[in-house]
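Data first, discussion second: the structure below is written as structure tokens.
Read the numbers this way: they start at 1 and go in the same order the structure lists the ligands and their atoms. In what follows, residues are counted from 1 in the order of the sequence shown.
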Amino acid sequence: MAYRIAVIPGDGTGPEVVREGLKVLAAASRAYGFHCELINYDLGGERYLKTGEVLPPSVLDELRKVDAIYLGAVGHPMVPPGIIERGLLLTLRFELGQYVNLRPVKLYPGVECPIKGKEPKDVDFVVVRENNEGLYTGAGGVLRKGTPEEVATQISVNTRPGVERCIRYAFEFTRRRARKRTVKIDSTDLVSVAGGSPGQVVEFVHRERGKMLGKLLSRDSAAAEFETTGCLTMCGKTNVLTFEQDLWWRAFNEVGAADFPEVFRDYAHVDATCMWMVKNPEFFDVIVTNNMFGDIITDLGAMIQGGLGVAAGGNINPGGVSMFEPMGGSAPKYAGKNAINPIAAIAAVGMMLDVLGEHKAAAAVDAAIAATTPKMKSMAAGKMGYSTTEVGDLAASAVS
Ligand code: IPM
Ligand code: MN
């Protein structure tokens, strides 16, 4: 196979981490027999300062035609906040219909977790963040600006098709991940269990969530235990955002009941989600949430997986062009010092390969990261015990 990949190294440390990601991509393509044609784009703060251009229409048209986009970082200390973020990052997400922002929260071996006593097996979940709607559309406005009676509104836009496609993606992802889970349901929540003895797959009805499927493990008067394939948590705020979250809640349950009865449906308010992420991260398998909540909880996720040097994300259009990026920003302070951690950028390459369909190569990149992190002293820039290029070399040589 041959893929055309647009590479946007961007600003600050972006080019340094992208270089290491591409090293690992080259190693993976040699080992797994595919070819990547790389097309470089100098978009970002530098270009804006020189030419005033953020994303010329002709460039956007070219980007519509590639197989994937690999982005380093955007954000420049000399450019006022918002110009590049909205003009480039958010425009690409919207224009290319990248309606899911996929953010794995995975603690690699040897990485220090700020939560006492947590190990890699405890921190391994994925956030599916809606990426095209919510508070990010720019709907709203300002009245009487600058007066004592100024009014500002920012409208959260939620469409049924927009919410439903994101939720459907999350269910499919959870099913594919196929993590077996045991769930215990109190008899007060269990409406019925349709026949079956322990060991059989049965249909059961949960008081709030409706019909679901699972292997019956045990049942007594107090509770029943089922083994389900995966658990999808909707992270919301149904108690306050009664319009948009009601739409989310109905879509979540309707899609789940109709097409994914074997996936256990779980719910947590966004504030409680933050609490559980710190207290019991092992509780989560896949989380689906709106754009703003997803933005916030994934920074918390990045911290519990060892920091922004490790966290990667994919802006996904399952039928179109997806874009992959390390979550850390352009970190101008470290630019040009060969000190920034490239692991997140390498993980973004792994995600890109997975979405392109190169599943074995993606797994190999993940394994290479897991072989590299135990050798590093820290995930923090300048404290890794290695330079940026050395970490890239270690990871590239571990791809097999
Ligand atoms: C992210 C970033 C962006 C967002 C910013 C840079 C617009 O924080 O990718 O999470 O809010 O989505
Ligand atoms: Mn963010």
*asked:* Just to check, does Arg93 reach to within less than 4.0 Å of ligand 1 when the distance is taken from its heavy atoms?
replied: yes

_Polar side chain donor-acceptor pair, Tyr70 to Glu325, under 3.5 angstrom_ = no

*asked:* If we set the cut-off at 4.0 Å for heavy atoms, which region of Arg103 has an atom near ligand 1: side chain, backbone, both, or neither?
replied: side chain

*atom 5 (C) of ligand 1 - nearest protein heavy atom and its distance*: Leu89 CD2, 4.3 Å

_Option with minimal heavy-atom separation from atom 2 (C) of ligand 1, where the choices are Ile296, Asp295, Thr298_ = Asp295

_Between Thr233 and Asp266, is there a side-chain donor-acceptor contact under 3.5 Å, judged purely by atom types and distance?_
yes

*No-hydrogen, no-angle side-chain donor-acceptor test under 3.5 Å, Asn291 and Arg129*: yes

*Atoms of protein origin (N, O or S) under 2.8 Å from the Mn ion (ligand 2)*: Asp295 OD1

*What closest approach, in Å, do Gly12 and Ala335 show between heavy atoms, and which atom pair accounts for it?*
C-CB, 3.7 Å

*Please check if any side-chain donor atom of Asn315 sits under 3.5 Å from a side-chain acceptor atom of Tyr99, or the reverse.*
no

_Give the atom numbers and elements of ligand 1 that come within less than 4.0 Å of a heavy atom of Arg129._
1 (C), 4 (C), 10 (O), 11 (O), 12 (O)

*Got the closest protein heavy atom to atom 4 (C) of ligand 1, with its distance?*
Tyr136 OH, 3.5 Å

*Cut-off 3.5 Å, side chains only: do Glu358 and Tyr3 have a donor facing an acceptor?*
yes

*Between Asp271 and Thr273, is any side-chain donor less than 3.5 angstrom from a side-chain acceptor?*
no

*Just need the protein heavy atom nearest to atom 6 (C) of ligand 1, so name the residue and atom and give the distance.*
Glu85 CG, 3.7 Å

*asked:* Quick test of your reading of the model: are Glu172 and Arg176 salt-bridged, counting only N-O distances below 4.0 Å?
replied: no

*So if you build clusters from Ile, Leu, Val, Met, Phe, Trp, Tyr with side-chain heavy-atom gaps below 4.5 Å, do Phe284 and Leu300 land together?*
yes

